[in-house]
Number of protein chains: 2
Amino acid sequence: MTSSTPSRSRRNGAREDRVERGIPEATVARLPLYLRTLTALSERGIATASSEDLATSAGVNSAKLRKDLSYLGSYGTRGVGYDVEYLRYQIAREIGLTQDWPVVIVGIGNLGHALANYSGFASRGFRVVSLVDTDPKRVGETVGDLQIEAYATLQQIIDEHRVAIGVIATPAGAAQQVCDDLVAAGVTSILNFAAAVLSVPDGVDVRKVDLSIELQILAYHEQRKALAAGGAAAAALEDGVEALEVDTA
Amino acid sequence: MTSSTPSRSRRNGAREDRVERGIPEATVARLPLYLRTLTALSERGIATASSEDLATSAGVNSAKLRKDLSYLGSYGTRGVGYDVEYLRYQIAREIGLTQDWPVVIVGIGNLGHALANYSGFASRGFRVVSLVDTDPKRVGETVGDLQIEAYATLQQIIDEHRVAIGVIATPAGAAQQVCDDLVAAGVTSILNFAAAVLSVPDGVDVRKVDLSIELQILAYHEQRKALAAGGAAAAALEDGVEALEVDTA
DNA sequence: AGGAGTTTGTGAACGTGAGAACAAAATCGA
DNA sequence: TCGATTTTGTTCTCACGTTCACAAACTCCT
């Protein structure tokens, strides 16, 4: 998914390695969580926090948190903990939130609307610079403090605002075409809310958020819980009866 | 996360093991994707598909897909492939989509609105039976074909409709309280859209969808790409200059 | 100054997941 | 009926991620 830059030069220094190889995906995915936790602590006027404190607030194991942070550098003080403000800045810089990221949203239906108004973006360095829809009837409509623009102006918008990140909130059928157009216009990161698998050239990152998939995963576990809690025999029957030998513990 | 039911009885049969241990999390997360792929093929009138076909459509490796499917049982035919309709049913049954899942959404702001109107839920066996909001002014308002109900009626709603899955779309500050109330009322699976870490008792599953985190992950990769593409020297300077030795390949 | 107490950073062990590779099982044509 | 061909199901290996456990490094108190 990430542009594969295999290790080219071999040299000492963990810091150097980080620049070369980057941070493990799993860690990257947690950094925003830590950032949010630190911001919350900062707002409560807390200046220093141990890995244990942070881990509890973030809902993770403290060893994992320490290891995650160690990929960024050695920003803690043994016997003391981490300086909240300092660590917050370091994580923000690492993720790239010390700069401003212009974002364009394509497809202003129910979800697009909600995303356009979502305050969580603006407060974290993301600026929705334009809303685009393929439906000409919607063009001109005001959402939040933006007007919906014509799909034909996509290229112009992306050039003008130097947009690198695009959000797709169209129906599934339109998603691949929109994706292709975004990529052609120079977008290299896409957040996809459409229920479709997007194919993109190398060097373009795609992340997908699929609401119904999340619910389905919950449903699977929910079903298992229901089965485990007494319905085992009935389930075996419904299942076709392979081996109905309930171990009566 | 999942209720830990360690292997109690030891017996042969992969099918038996599946029931005991369940399917790997990573596989569970992909089953809905396969399901969608199969539905799409079915609608195009395709009766049979090889693992290669399915894998391509789903955007995964074919070996991975075969291994995933093998956890459910042996539903393919060597030399032929999988019967689309049959496999679709088996996956649906495994996930628990042959039954209907009543869902309640709490917090009908921008996002709650969008979720309430989201057609992707209904089409996959999830039925939004009630919308709840803490703001008394919103109560009675119509969204889609439902009316927003008072927060105080939460318990009653959950009992009446036998709701097992709750969706939290409130501001972060209210999320934990709502979560506690949902759990107290009998909900055992929660999909959380609020930017907060929820703590729940054992036996309750939580999945979170955080839009701003997804964007931040993209931003990290985007920044790396920008750095890799020429800005390396400038970045090293800004970084504090540890060792500015660019390997000129 | 020195010892007791904290807390980080990391090495090592373990578990899970991904992908290559191949034997087993099916179809098809002669 | 038999060999050629296709495609599944599974084994094996490797990479990645998590957790434990502990030495190193810091503070604080006497």
Side-chain angles (χ1 to χ4, degrees), chain A residues 1-2 4 6-7 12-15 17-18 21-31 33-34 38 41 46-84 86-87 90-91 217, chain B residues 1-2 4 6-7 12-15 17-18 21-31 33-34 38 41 46-84 86-87 90-91 217:
Chain A
M1 193 65 58
T2 312
S4 58
S7 56
N12 61 339
R15 194 68 180 281
D17 267 17
R18 165 174 71 82
R21 291 208 304 265
I23 295 169
E25 255 323 291
T27 297
V28 170
R30 281 187 296 266
L31 289 180
L33 181 62
Y34 302 154
L38 287 163
L41 291 179
I46 295 169
T48 297
S50 71
S51 63
E52 197 61 43
D53 298 339
L54 287 173
T56 307
S57 299
V60 301
N61 180 302
S62 71
K64 180 152 65 178
L65 181 135
R66 283 201 300 280
K67 183 162 279 198
D68 282 344
L69 294 183
S70 79
Y71 289 115
L72 313 191
S74 198
Y75 296 137
T77 309
R78 293 169 194 227
V80 179
Y82 299 89
D83 182 287
V84 171
Y86 181 58
L87 183 58
Q90 293 299 340
I91 294 180
I217 295 170
Chain B
M1 193 63 57
T2 311
S4 57
S7 56
N12 61 340
R15 192 69 181 281
D17 267 15
R18 166 173 72 80
R21 289 210 306 268
I23 296 168
E25 244 341 274
T27 297
V28 171
R30 281 188 294 267
L31 290 180
L33 181 62
Y34 302 154
L38 287 163
L41 291 179
I46 295 170
T48 297
S50 71
S51 63
E52 196 61 43
D53 297 340
L54 286 173
T56 307
S57 299
V60 300
N61 179 302
S62 71
K64 181 151 66 177
L65 181 135
R66 284 200 301 279
K67 189 182 278 191
D68 283 342
L69 294 183
S70 78
Y71 289 115
L72 312 192
S74 198
Y75 295 137
T77 309
R78 294 171 195 228
V80 180
Y82 299 89
D83 182 288
V84 170
Y86 182 59
L87 182 59
Q90 293 300 340
I91 294 180
I217 295 170

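Naming convention: chains lettered A, B, ... in sequence-line order (proteins, then strands); numbering from 1 in each chain. Side-chain atoms are counted along with the backbone in the values below, which use heavy atoms only and exclude waters and symmetry mates.
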In whole Å, what is the span from the [atom1] atom of [X] to the [atom2] atom of [N]?
X       : N      : atom1 : atom2 : value
B:Asp68 : D:dG9  : CG    : P     : 12 Å
B:Leu65 : D:dG9  : CG    : C1'   : 12 Å
B:Leu54 : D:dG9  : CG    : P     : 12 Å
B:Tyr71 : D:dT11 : OH    : C1'   : 12 Å
B:Ile23 : C:dA18 : CD1   : C1'   : 18 Å
B:Leu72 : D:dT10 : CG    : P     : 12 Å
A:Glu52 : C:dG9  : CD    : C1'   : 15 Å

Atom [atom1] of [X] and atom [atom2] of [Y]: how far apart are they, to the nearest 0.5 Å?
X       : Y       : atom1 : atom2 : result
A:Ile91 : A:Arg30 : CD1   : CZ    : 12.0 Å
B:Asp83 : B:Gln90 : CG    : CD    : 10.5 Å
B:Leu69 : B:Lys64 : CG    : NZ    : 12.5 Å

Which nucleotide in the set D:dG17, D:dG9, C:dA18 lies at the smallest distance from any side-chain heavy atom of A:Glu25?
D:dG17
Short side-chain N/O contact from [X] to OP1 or OP2 of [N], under 4.0 Å:
X       : N     : value
A:Tyr82 : C:dG9 : yes
A:Ser51 : C:dT8 : yes
A:Tyr75 : C:dT7 : no
A:Ser50 : C:dT7 : no

Just to verify, what does B:Thr27 make a side-chain hydrogen bond (donor to acceptor under 3.5 Å, both in side chains) with, not counting sequence neighbours?
B:Asp68
May I ask you to test the A:Leu41-A:Asp53 pair for a side-chain heavy-atom distance under 4.5 Å?
no
With heavy-atom distances below 4.5 Å as the criterion, would you say the side chains of B:Leu54 and B:Leu87 are in contact?
yes
Could you pull out all residues at least two apart from B:Ser51 that satisfy side chain to side chain contact (heavy atoms under 4.5 Å, CB included)?
B:Ser62, B:Leu65, B:Arg66, B:Tyr82
Any chance you could list the contact pattern along nucleotides 19-28 of chain C? Use B for base contacts, S for sugar-phosphate-only contacts and - for none, protein heavy atoms under 4.0 Å, 5' to 3'.
BBB--BBSS-
Between B:Ala49 and A:Ala26, just flag the one whose closest nucleotide in DNA chain D comes earlier from the 5' side.
B:Ala49
